[in-house]
Amino acid sequence: MPLENKELVNLYRTMLTIRRFEERVSKEFFDGNVRGYVHLYIGEEAIATGVCANLLLTDRIVSHHRGHGHCIAKGADIRLMMAEIFGKKTGYCKGKGGSMHIADFGVGMLGANGIVGAGLPIACGAATAAQLEGKNGVAAVFFGDGGVHEGEFHEAMNLASIWKLPLIFVCENNFYAVNTPSKYAIAIDEIYKRAAAYSMPGMVVDGNDVVAVHQAAREMVKQAREGGGPSFLEARTYRWHGHFESRMSTDSRPPEELAAWKKKCPVEAMERKLLAAGVLTEAQLKEMNSQILGRIEEAVKFAKDSPFPAPEDALEDVYST
Amino acid sequence: MREITYRQAGNEAIIEEFRRNKKTVHMSADLPADLRQEFGEARIRVTPVSESAMVGAAIGLAGSGYRTVANIRMATFGFVAMDQFMNQAAKITYMFGGQARFPILYRMTNGLGSSAAAQHSINPYSMFMNVPGLKILLPSTPYDVKGLLKTALRDDNPVISFEHMGLGGVKGAVPEEDYTIPFGQADIKRKGTDVTVVALSKMVHDVLAVAEELSKEGISVEVIDPRTLVPLDRETIRKSVAKTGRLVAVDEACQTCGAAAEILSLVVEDTKTFERLRAPTKRVCGLDVPVPFSPLMEQYVVPDREKITAAIREVMAYQGK
């Protein structure tokens with residue numbers, strides 16, 4: 001079933017929001033306003049967007065260190081995200097998490113995670129909860145091509161399969177674990193084939209084509225909701241920035257490779273599609289862009305105007321009371 | 001009052017709390033047949049031998065509203081899941097700014113004494129004490145294990161209960177009616193006036209036997225069982241030492257950086273208590289070697305009644321300059 005125009009516009013808006021949000025985070029980082037490790041999702045927006053568009057507010061996701069896109073796609077508030085990235089008291093985690101640990105349990109975003117592969121077992125728990133709730137809920141977990149080599153990946157894939165968990169495993173294959181090419185690190189020729197070892201359907205999709213991701217995920221989510229168990233989606237894409245934002249570039253990937261992938265920009269591809277189909281006009285696109293930029297400006301202002309936590313706030317929240 | 005074993009008491013705590021609260025899930029690699037029969041397959045889950053998946057799934061379940069018990073069996077198996085314990089369970093409450101609760105009870109057996117050799121014998125609680133965010137129980141009697149586990153099953157934090165493998169068959173008085181034991185409240189297992197002995201886990205029983213023997217010589221030993229290492233009841237220990245002027249800490253775990261060192265420190269760094277000391281504080285701990293297999297060697301590397309007695313005599317004999 002083809003997507004309605006409204007759905008296509010929503011997909012585009014989400015991708016563009018992620019793109020503009022992260023461009024601004026990058027700028028604020030290099031302006032010296034954001035500290036620490038900031039891993040940007042620019043270039044990979046279609047995956048979070050296409051998958052999460054199939055999820056309800058009550059469905060749950062678990063993310064990884066490159067998590068801004070998943071937060072936005074699941075409906076997190078960009079003001080609270082920005083404040084967290086700035087280390088402010090008003091942020092999602094009161095400044096205790098930063099870019100790498102944004103979570104919003106209220107929208108079913110169970111957290112970005114600084115440990116590669118660690119989200120998969122946690123997502124098994126979220127999917128078990130969905131199964132116990134008996135309301136046809138599902139969970140999705142995002143991880144990179146590096147994560148598939150962790151033991152936690154294999155334990156979680158196996159557990160999800162034997163328990164028939166309503167869980168979508170989404171491997172965002174951007175072809176590099178930091179700077180190590182994924183083809184060097186994997187013994188099998190294609191990542192999605194690993195799903196077969198756990199008796200679950202696996203497929204590969206163009207991770208820069210949001211409609212293709214959406215359609216693939218739609219089938220998997222449907223299967224999970226109907227009690228058909230987990231699936232594995234490998235979405236191939238490319239990250240435009242280095243592993244994390246840094247003044248000292250550690251990016252050793254070939255520049256011509258990046259240039260080629262930039263020509264396959266997921267946001268521009270969707271833009272062309274919407275224009276060609278007459279879904280949106282140039283003027284409407286421009287209007288949407290400026291609306292998004294306005295919201296991001298507001299988020300940055302909120303972050304900048306917010307207070308830092310007091311030093312002794314560091315002692316709070318070690319335990320729930 | 002009726003007498004039941006330590007193992008039965010622990011089991012009763014789980015059963016009673018699972019009856020009280022239907023949003024509870026149990027995971028273990030071995031099928032607990034009695035639990036399965038009463039609570040069903042959905043809540044009583046058998047996992048593959050996948051400690052990381054189990055420990056992580058407990059986090060995902062807890063973050064999704066289900067109180068979870070994960071029985072790891074031997075603490076040495078828990079090491080397989082150290083990422084989920086240390087990077088995830090211990091930190092999630094804090095790094096997400098306290099926005100979600102993670103009510104989890106992890107159960108593991110600690111200890112040695114049955115020629116189980118190095119990889120099935122360990123007392124690793126001080127490692128977990130060093131990573132804030134986990135609560136740590138060391139129940140030594142049937143009464144304590146039931147009361148502490150029941151409290152754990154009403155607490156909203158990740159809790160690890162270390163239950164000594166040598167205590168399972170030990171019998172003791174346990175009331176039939178509902179009761180809980182607050183965390184952070186040490187139990188004075190025997191009142192005394194001459195020397196304070198803080199004993200951990202199974203050592204409580206050895207120290208009580210020694211105290212009984214020494215009483216015949218007129219040495220009055222106060223035996224304190226902290227019961228929980230996190231939170232630790234510093235007040236009760238300091239108060240006792242202020243009274244007796246002498247402290248011996250007895251722990252089966254290896255001495256270096258162990259809980260006994262923490263107990264000595266909290267006494268000597270407190271000026272008021274320090275000024276009341278009449279002798280150097282002393283530790284009786286496991287020797288710093290992996291646990292050997294052969295019985296004579298195994299007995300040699302852990303505290304026994306002779307070593308405990310010698311340490312108490314030594315602090316009693318100290319005259320100063």
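This is a predicted model, so every value here is computed, not measured. Here is how names work: the chains are called A, B, and so on, in the same order as the sequence lines, proteins then strands, and each is numbered from 1.
- A:Ala160 does not touch chain B: none of its heavy atoms, backbone or side chain, sits under 4.5 Å away.
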Give the C-alpha distance, both sets of side-chain angles, the deciding distance and a yes or no for side chain to side chain contact (heavy atoms under 4.5 Å, CB included) between B:Asp83 and A:Glu150. CA-CA 11 Å; B:Asp83 169 49; A:Glu150 292 282 6; over 6 Å; no

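- By the 6.0 Å contact criterion, NZ on A:Lys304 is enclosed, its count of non-hydrogen atoms from other residues, nucleotides or ligands being greater than 12.
- In this structure, no portion of B:Ile92 lies under 4.5 Å from any heavy atom of chain A.
- The contact between B:Asp156 and chain A is made by backbone and side chain atoms together, counting heavy-atom distances below 4.5 Å.
- In this structure, A:Ser320 and B:Arg101 approach most closely via the heavy-atom pair CB-NH1, 3.6 Å.
- Not a single donor-acceptor pair under 3.5 Å links the side chain of A:Glu152 to the backbone N or O of B:Ala53.
- When all heavy atoms are compared, the tightest approach of A:Leu132 to B:Ala42 is CD2-O, 3.5 Å.
- Contact annotation: the side chain of B:Tyr66 approaches that of A:Glu133 to within less than 4.5 Å [non-hydrogen atoms, C-beta and beyond].
- Only the side chain of A:Ile162 comes within contact range of chain B, with heavy atoms under 4.5 Å apart.
- The most heavy-atom pairs under 4.5 Å with chain A, out of B:Ala58, B:Gly98, B:Ser64, come from B:Ser64.
- Contact annotation for B:Lys91: neither backbone nor side-chain heavy atoms come within less than 4.5 Å of a heavy atom of chain A.
- Ranked by heavy-atom pairs under 4.5 Å with chain A, the list B:Thr47, B:Val25, B:Thr93 is led by B:Thr93.
- Note: B:Leu134 leads B:Leu134, B:Asp155, B:Val49 in heavy-atom pairs under 4.5 Å with chain A.
- Heavy atoms from other residues, nucleotides or ligands lying under 6.0 Å from NZ of B:Lys239 number 12 at most.
- Looking only at distances, no side-chain donor or acceptor of B:Tyr94 sits under 3.5 Å from a matching main-chain atom of A:Leu315.
- Applying the 6.0 Å contact sphere to OH of A:Tyr37 captures no more than 12 heavy atoms from other residues, nucleotides or ligands.
- Residue A:Lys193 places its NZ atom among more than 12 non-hydrogen atoms of other residues, nucleotides or ligands, all under 6.0 Å distant.
- Heavy-atom distances place the side chain of A:Gln131, and not its backbone, under 4.5 Å from chain B.
- Using a distance-only test at 3.5 Å, with no hydrogens or angles considered, a donor-acceptor pair links the side chain of A:Lys94 to the main chain of B:Gly97.
- Pairing each heavy atom of B:Met95 with each of A:Cys93, the nearest pair is O-CB, 3.2 Å.
- Between B:Met27 and A:Thr128 the shortest side-chain heavy-atom distance does not fall below 4.5 Å.
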One pair to check against side chain to side chain contact (heavy atoms under 4.5 Å, CB included): A:Leu120 and B:Ser52. What are the steps and the verdict? CA-CA 10 Å; A:Leu120 285 93; B:Ser52 295; over 6 Å; no

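- Across every non-hydrogen atom of B:Gly60 and A:Leu110, the tightest pair is O-CD2, 4.4 Å.
- For the pair B:Val55/A:Pro121, no side-chain contact is recorded, criterion being any heavy-atom separation below 4.5 Å from C-beta on.
- With 3.5 Å as the limit, one finds no donor-acceptor pair spanning the side chains of B:Gln99 and A:Asp317.
- Taking both residues in full, the closest heavy atoms of B:Val230 and A:Tyr319 are given as CG1-OH, 3.2 Å, listed atom of the first, atom of the second, then distance.
- When the shell of 6.0 Å around CZ of B:Arg154 is examined, it contains more than 12 heavy atoms from other residues, nucleotides or ligands.
- Contacts of A:Ala123 with chain B are absent, with no heavy-atom separation under 4.5 Å from either backbone or side chain.
- When all heavy atoms are compared, the tightest approach of A:Asn158 to B:Pro48 is ND2-CG, 3.7 Å.
- Residues A:Leu159 and B:Met54 have side chains not in contact (no heavy-atom distance under 4.5 Å, counting atoms from C-beta outward).
- Ring centroids of A:Phe105 and B:Phe96 are separated by less than 6.0 Å, placing the two rings close together.
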